[in-house]
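To start, the structure under review is shown below, and the notes come after it.
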Amino acid sequence: MAQKNNFQFSIREYGPSDEHVVMSLFRDGVIEYVYPAFFKALSHPDHVGVALSICMAGYVLGGSSYFQALLFGSAWAGLLYYCCHEIYQGYLTRRLSTDLSDIRANYLENPDNGFWVAEVDVDGQPKVVGMVAVKGERAAEEEERFDEWNGGAMGGGSELVQDAGDGSFGELSHMVVVFPWRRKNLASQLTRKALDFCKERGYGRLVLDGSSPQTAAIALYQKLVLFKRHPTVSHMLIAGSPNWPE
């Protein structure tokens, strides 16, 4: 049986020739979370109650028709799926029209930011199978984000803003690994690249903001490096000085 980690990945800075494959990776990486989000929403206790009520209404209105009950329940499930799809499609559209609209200008020409791709040799040809980005931010920007998350209350986030000298930090984003190349230590290598960049830039910490359906990815980040959960934002992870992983 072949060793699952018997691959040599090369991580390099993004280049103009990578645009098409990077856009494709990003789209696939975002849309793949629609189904997990849908099933998570579908299994939420409140939504289960609503589904049962809707099915019961269909059963009664249909004159004790099980088909009508199933039809009403299916319509509710379809609405949930549509909402989940629109949320992720909206995020995809926003990112493609903002920072990803010009990666060179927004990342490579800004020394505070970085964008890298991972390559592997396939049949003698290099193939891009992953990517990651880091964007430099300031404490004031982070405070605004905490304020939005907490409904106007800073809560436990304020003390984290003060742990670096100038309040600067790196935000990890656009982490994507092509499905066949997962579980081969590539995510660990990409995360290490992001951490090394933050240390070189003198950032106080690296922040990762993941959505709740990304439970497997969040667990992986916590296992790979010294990420810890934000005290008030359950899907946010932070790794920072003075305990940068070595």
Side-chain angles (χ1 to χ4, degrees), residues 1-43 77 80-96 99-101 103 107 114-135 171-197 206-225 227 235-237 239:
M1 187 174 183
Q3 295 293 322
K4 68 178 182 178
N5 291 330
N6 190 26
F7 297 97
Q8 293 294 325
F9 297 104
S10 173
I11 300 177
R12 59 169 176 78
E13 191 175 71
Y14 167 91
S17 62
D18 301 317
E19 181 178 3
H20 177 73
V21 66
V22 163
M23 294 300 107
S24 179
L25 285 179
F26 181 67
R27 289 188 182 93
D28 293 344
V30 171
I31 296 301
E32 77 171 85
Y33 284 106
V34 172
Y35 275 108
F38 166 64
F39 288 118
K40 186 178 180 67
L42 195 64
S43 62
L80 282 181
Y81 177 82
Y82 173 78
C83 291
C84 292
H85 184 276
E86 286 301 294
I87 289 172
Y88 281 91
Q89 183 62 47
Y91 170 79
L92 174 62
T93 302
R94 286 195 303 274
R95 298 314 291 259
L96 291 177
D99 62 316
L100 291 182
S101 63
I103 295 176
Y107 286 94
F115 201 110
W116 305 270
V117 297
E119 287 183 332
V120 67
D121 184 80
V122 178
D123 298 328
Q125 296 293 327
K127 179 180 180 180
V128 175
V129 295
M131 66 182 197
V132 69
V134 173
K135 189 175 182 181
E171 180 181 5
L172 187 148
S173 63
H174 308 324
M175 168 74 86
V176 179
V177 175
V178 176
F179 184 77
W181 299 96
R182 295 175 186 177
R183 300 183 182 275
K184 293 177 173 59
N185 200 40
L186 179 53
S188 175
Q189 295 178 43
L190 288 169
T191 305
R192 169 64 63 179
K193 185 70 176 180
L195 288 167
D196 289 343
F197 177 78
L206 175 62
V207 174
L208 166 67
D209 178 24
S211 62
S212 57
Q214 296 174 295
T215 53
I218 291 175
L220 174 64
Y221 287 127
Q222 289 181 297
K223 180 181 179 181
L224 292 176
V225 293
F227 278 107
H235 53 81
M236 184 175 182
L237 302 178

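- For the pair Ala41 and Cys84, the tightest heavy-atom approach, listed with the atom from each and the gap, is CB-SG, 4.3 Å.
- The side-chain heavy atoms of Val117 and Val22, taken from C-beta on, include a pair separated by under 4.5 Å.
- No side-chain heavy atom of Gln189 sits under 4.5 Å from any side-chain heavy atom of Val177.
- Checking side-chain atoms of Ser24 against main-chain N and O of His20 turns up no donor-acceptor pair under 3.5 Å.
- Atom CD of Glu32 is surrounded by more than 12 heavy atoms from other residues, nucleotides or ligands within 6.0 Å.
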Going through the distances and angles, do Arg182 and Leu186 end up as a side chain to side chain contact (heavy atoms under 4.5 Å, CB included)?
CA-CA 7 Å; Arg182 295 175 186 177; Leu186 179 53; over 6 Å; no
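- Taking the side chain as every heavy atom from C-beta outward, Val129 and Phe9 approach each other to under 4.5 Å.
- Here the shortest heavy-atom pairing between Ala133 and Tyr107 reads CB-CE2, 3.8 Å.
- With respect to Tyr81, the ring-ring contact (aromatic ring centres under 6.0 Å, His included) criterion is satisfied by exactly one of Phe38, Phe39, Tyr88: Phe38.
- Gly130 and Leu25 make their closest contact through N-CD1, 4.1 Å (heavy atoms, listed as atom of the first residue, atom of the second, distance).
- With a 4.5 Å cut-off on side-chain heavy atoms, Leu100 and Ile103 count as touching.
- To the nearest 0.5 Å, atom CG of residue Leu190 and atom CG of residue Leu195 are 11.0 Å apart.
- Scanning all heavy atoms of the two residues, the minimum distance from Met175 to Val132 falls at CE-CG2, 3.9 Å.
- Considering all non-hydrogen atoms of both residues, Val134 and Ala194 come closest at CG2-CB, 3.5 Å.
- Counting heavy-atom neighbours within 6.0 Å of Tyr91 OH, excluding the residue itself, gives a total above 12.
- For the atom pair CD1 (Ile11) and CD (Glu119), the distance works out to 10.5 Å, reported to the nearest 0.5 Å.
- The two residues Phe197 and Gly114 make their nearest non-hydrogen contact at CZ-N, 3.9 Å.
- Taken from CD in Gln8 to NZ in Lys184, the straight-line distance is 14.0 Å, to the nearest 0.5 Å.
- A distance-only check finds a donor-acceptor pair linking the side chain of Asp18 to the backbone of Gly15 [under 3.5 Å].
- Taking the side chain as every heavy atom from C-beta outward, Val128 and Met131 never approach each other to under 4.5 Å.
- Contact check for Phe26 versus Leu96: side-chain heavy atoms found under the 4.5 Å cut-off.
- With sequence neighbours left out, the salt bridge (charged side-chain N to carboxylate O under 4.0 Å, His left out) criterion links Arg94 to no other residue.
- A distance of 9.0 Å separates CD of Gln89 from CZ of Arg27, quoted to the nearest 0.5 Å.
- One distance of note links CG of Leu172 with OG1 of Thr191; it measures 6.0 Å at 0.5 Å rounding.
- Between His174 and Phe115, the two ring planes are tilted [angle within 30° to 60°].
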Ile31 vs Leu92, side chain to side chain contact (heavy atoms under 4.5 Å, CB included): CA-CA, chis, key distance, verdict:
CA-CA 8 Å; Ile31 296 301; Leu92 174 62; 4.2 Å; yes
